[in-house]
Structures are given as structure tokens and as C-alpha cells.
Amino acid sequence: MSPHPDPGPVAIRRAKFNIGAVVRHRIYPFRGIIFDVDPVFSNTEEWWLAIPEEVRPSKDQPFYHLLAENQETEYVAYVSEQNLVPDTSGEALRHARIPELFVHDAATGTYRMRGDGAN
């Protein structure tokens, strides 16, 4: 018998946000568009431990890859679901990689992934 019993299947929560959703961070001043979703944390332990313990999210939730931007710069961010809220500002995103991955419908303000950009 194993000293570490199998905990059984891990419950994976359904992602709250879809690819193409425009979101903002609930604490930090940045927003972006989701281009990929991990059902649970899938980055390095070093990255996770670098987050201050008092705000470190749990690993058992969806994590989102964003084309993110703040007032100064554009970058790629990896953010837990608990730290994202829908961005309802209606302001256009300026991230330079958006046209590479998404088609923007100006009439509705929505984004859909390009057929040739999906992996």
C-alpha cells in the first residue's frame, strides 16, 4: 500500500471567461484580452512562489493568458480567475498582437479568434 493514497480525480472548474473576452485585473491597473486558458495553474513553482503570500491565488482554478496592457506598456500576463473581472469600459485595446490573433467586430465590440491563429 502506498504511503500517499491517491486523492482521486481533481475537480476542474469550468472557466468563467472565454477566449476573446476583454477583462481587467481586480487589483492591479491593467486590462487585456484572453487568448488561452489553463483549467488549473500551469506555470512554474518559482513563478507562483514569487507572488506575495497574502495575495497568492490557489492553483486549483482556471488561469488565463492575456494580451495585457496598462498605461505604459503592452505585455503577456498569466492571471488567476479570481483576479479577473469583465472589462465593460468599451475602450479599444491597443496591444500590437491583437490583430495577429483576433478579428475585431467594431459594430459589437467583440473579438473572435482568427481561424489560422488557433493552436
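Once rounded to the nearest 0.5 Å, the distance linking CG of Asn18 with OG1 of Thr110 reads 12.0 Å. We find the OG-CG distance between Ser42 and Asp36 to be 9.5 Å, quoted to the nearest 0.5 Å. The distance from atom CD of Gln61 to atom CD of Gln82, rounded to the nearest 0.5 Å, is 4.5 Å.
Counting only N and O atoms by type, the side chains of Glu81 and Tyr64 include a donor and acceptor under 3.5 Å apart.
Atom CD of Glu46 has 12 or fewer heavy atoms from other residues, nucleotides or ligands within 6.0 Å. Crowding of Glu54 atom CD: a count of heavy atoms from other residues, nucleotides or ligands under 6.0 Å exceeding 12. Within 6.0 Å of atom CZ in Arg112, 12 or fewer heavy atoms from other residues, nucleotides or ligands are found, so the atom counts as exposed in its surroundings.
In this structure, Ile34 and Phe102 approach most closely via the heavy-atom pair O-CZ, 3.2 Å. Taking each heavy atom of Ile19 and Met113 in turn, the nearest pair found is CG2-SD, 3.8 Å. Across all non-hydrogen atoms, the minimal contact from Ala15 to Pro62 is CA-CG, 3.9 Å. Residues Phe17 and Val37 come closest through the heavy atom pair O-CG2, 4.3 Å. Closest approach of Glu69 to His95, counting heavy atoms only: OE1-N, 2.9 Å. The two residues Arg26 and Val85 make their nearest non-hydrogen contact at CB-CG1, 4.2 Å.
Each of Arg31, Arg24, His25 was scored for a side-chain hydrogen bond (donor to acceptor under 3.5 Å, both in side chains) with Asp87, with one residue passing: Arg31.
Within the 4.5 Å cutoff, the side chain of Phe30 has heavy atoms near those of the Val79 side chain. Annotation: side chain of Lys59 is in contact with side chain of Glu45 (closest heavy-atom distance under 4.5 Å). Contact annotation: the side chain of Phe41 approaches that of Asn43 to within less than 4.5 Å [non-hydrogen atoms, C-beta and beyond]. Residues Leu93 and Leu67 are not in side-chain contact: their nearest non-hydrogen atoms beyond the backbone lie 4.5 Å or more apart. For the pair Tyr111 and Asp105, the minimum side-chain heavy-atom distance is 4.5 Å or more.
Side-chain atoms of Trp48 come within 3.5 Å of backbone atoms of Pro57 as a donor-acceptor pair (strictly under, hydrogens ignored). Judged by distance alone, the side chain of Asn70 and the main-chain N or O of Thr73 form a donor-acceptor pair under 3.5 Å.
Val103 and Ile98 fall into different hydrophobic clusters, where Ile, Leu, Val, Met, Phe, Trp and Tyr residues are linked whenever their side-chain heavy atoms come under 4.5 Å apart, directly or through other members.
Ring orientation note: the planes of Tyr78 and Trp47 are nearly perpendicular, at an angle over 60° on the 30°/60° scale.
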Evaluate the side-chain contact (heavy atoms from CB on, under 4.5 Å) criterion for residues Tyr75 and Leu66: first the C-alpha distance (whole Å), next the side-chain angles of each, then the deciding distance (0.1 Å), finally the verdict. CA-CA 8 Å; Tyr75 53 99; Leu66 308 178; over 6 Å; no
